[in-house]
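The structure appears below as structure tokens.
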Amino acid sequence: MSDFALPAPDLAPLLLGARLIVRGAGGIITETEAYTPDDPASHSFPGQTRRNASMFGPAGHAYVYRIYGLHWCLNVVGLPGHAVLIRALEPTEGLAQMQARRRRPDRLTTGPGMLAEALGITGQDDGRPFGTADFTLHLSPPGNWLTGPRIGITKAADWPRRYGLPGSAHLSRRF
DNA sequence: ACTCTGATGTACT
DNA sequence: GTACATCAGAGTA
């Protein structure tokens, strides 16, 4: 979808409020982070590799990678080399499914690793296009949003490229 | 509330 | 060998 063919800093706030449903489980996206090719913290910064290939693929597809050898993280691809990390959402569908997958059902989706686990996302979803029956992402752009420094990175950590829905109770951290 | 640590795959030097 | 877009559990307070 060309809706998604945008620079990550434009796509990231647009994805707030969007409804993400993966195989019957999901909810409303509350927190995102933008990564661009000129960003030292971005996987696309060194250029294309096997791992980040889908980050250079079509817009509106998923980029899923493994982090710390343990967890999966879900991104939405924008322009080539641009991606938006989905960090948190408000669970609305498939609650029982998500609770069964999570070790801590009190924190279902308030962090990228938890979110991927709750939604059952793995490396098999890398490169998958959004917009099929089992993999939907319906945009619903918010009127306003918060920005702040990103989380869990060391390079360019102060770039204000974390975005969140104001007042949401489902954020990985307060802004 | 906070700080520390173990778990562990993949990409990179 | 080292770094990493993390999480859970244990410890201190």
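First the proteins, then the strands, lettered A, B, ... as listed; each starts at 1.
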Please determine if a side-chain N or O atom of [X] lies less than 4.0 Å away from the OP1 or OP2 oxygen of [N].
| X | N | value |
| --- | --- | --- |
| Arg66(A) | dT6(C) | no |
| Thr154(A) | dC4(C) | yes |
| His43(A) | dA11(B) | no |

Donor-acceptor pair under 3.5 Å, Tyr65(A) side chain vs dA5(C) base: yes

Counting N and O atoms only, with roles assigned by atom type, does the side chain of [X] sit under 3.5 Å from a partner on the main chain of [Y], one being a donor and the other an acceptor?
| X | Y | value |
| --- | --- | --- |
| Thr147(A) | Pro160(A) | no |
| Arg150(A) | Ala34(A) | yes |
| Asn52(A) | His43(A) | yes |

Please state whether the rings of Phe130(A) and Phe135(A) are parallel, tilted or perpendicular, taking 30° and 60° as the class boundaries.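 Plane angle under 30°, so parallel.
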
Whole-Å distance separating the [atom1] atom of [X] from the [atom2] atom of [N]:
| X | N | atom1 | atom2 | answer |
| --- | --- | --- | --- | --- |
| Trp72(A) | dT8(B) | CH2 | P | 15 Å |
| Ile67(A) | dG9(B) | CD1 | P | 14 Å |
| Arg104(A) | dA10(C) | CZ | P | 11 Å |
| His71(A) | dT8(B) | NE2 | P | 11 Å |
| Tyr68(A) | dG6(B) | OH | P | 15 Å |
| Asp126(A) | dT10(B) | CG | P | 12 Å |
| Ile121(A) | dT6(C) | CD1 | C1' | 15 Å |
| Arg173(A) | dT6(C) | CZ | C1' | 13 Å |

I want to verify a distance call: between [options], whose nearest atom is closest to the [X] side chain?
| X | options | answer |
| --- | --- | --- |
| Leu70(A) | dC12(B), dT8(B), dC7(C) | dT8(B) |
| Arg51(A) | dA11(B), dA5(C), dA8(C) | dA11(B) |
| Arg107(A) | dA5(C), dC7(C), dA8(C) | dA8(C) |

Base, sugar-phosphate alone, or nothing: which one does [X] contact when heavy atoms must sit under 4.0 Å apart?
| X | answer |
| --- | --- |
| Arg161(A) | nothing |
| Arg103(A) | sugar-phosphate |
| Gly69(A) | base |

Is there a chain of hydrophobic side chains (I, L, V, M, F, W, Y, each step under 4.5 Å between heavy atoms) that links Leu115(A) to Tyr68(A)?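 Hydrophobic grouping puts Leu115(A) apart from Tyr68(A).
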
Base partner of [N], which must satisfy Watson-Crick or wobble distances under 3.5 Å:
| N | result |
| --- | --- |
| dT3(B) | dA10(C) |
| dT13(B) | none |
| dA5(C) | none |

Answer yes or no: is there a side-chain heavy-atom contact under 4.5 Å between Leu16(A) and Thr32(A)?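 Yes - at least one pair of side-chain heavy atoms lies under 4.5 Å apart.
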
Using heavy-atom distances to pick each residue's nearest nucleotide on DNA chain C, tell me which of Lys155(A) and Gly111(A) is more 5'.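 Nearest-nucleotide comparison on DNA chain C picks Lys155(A).
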
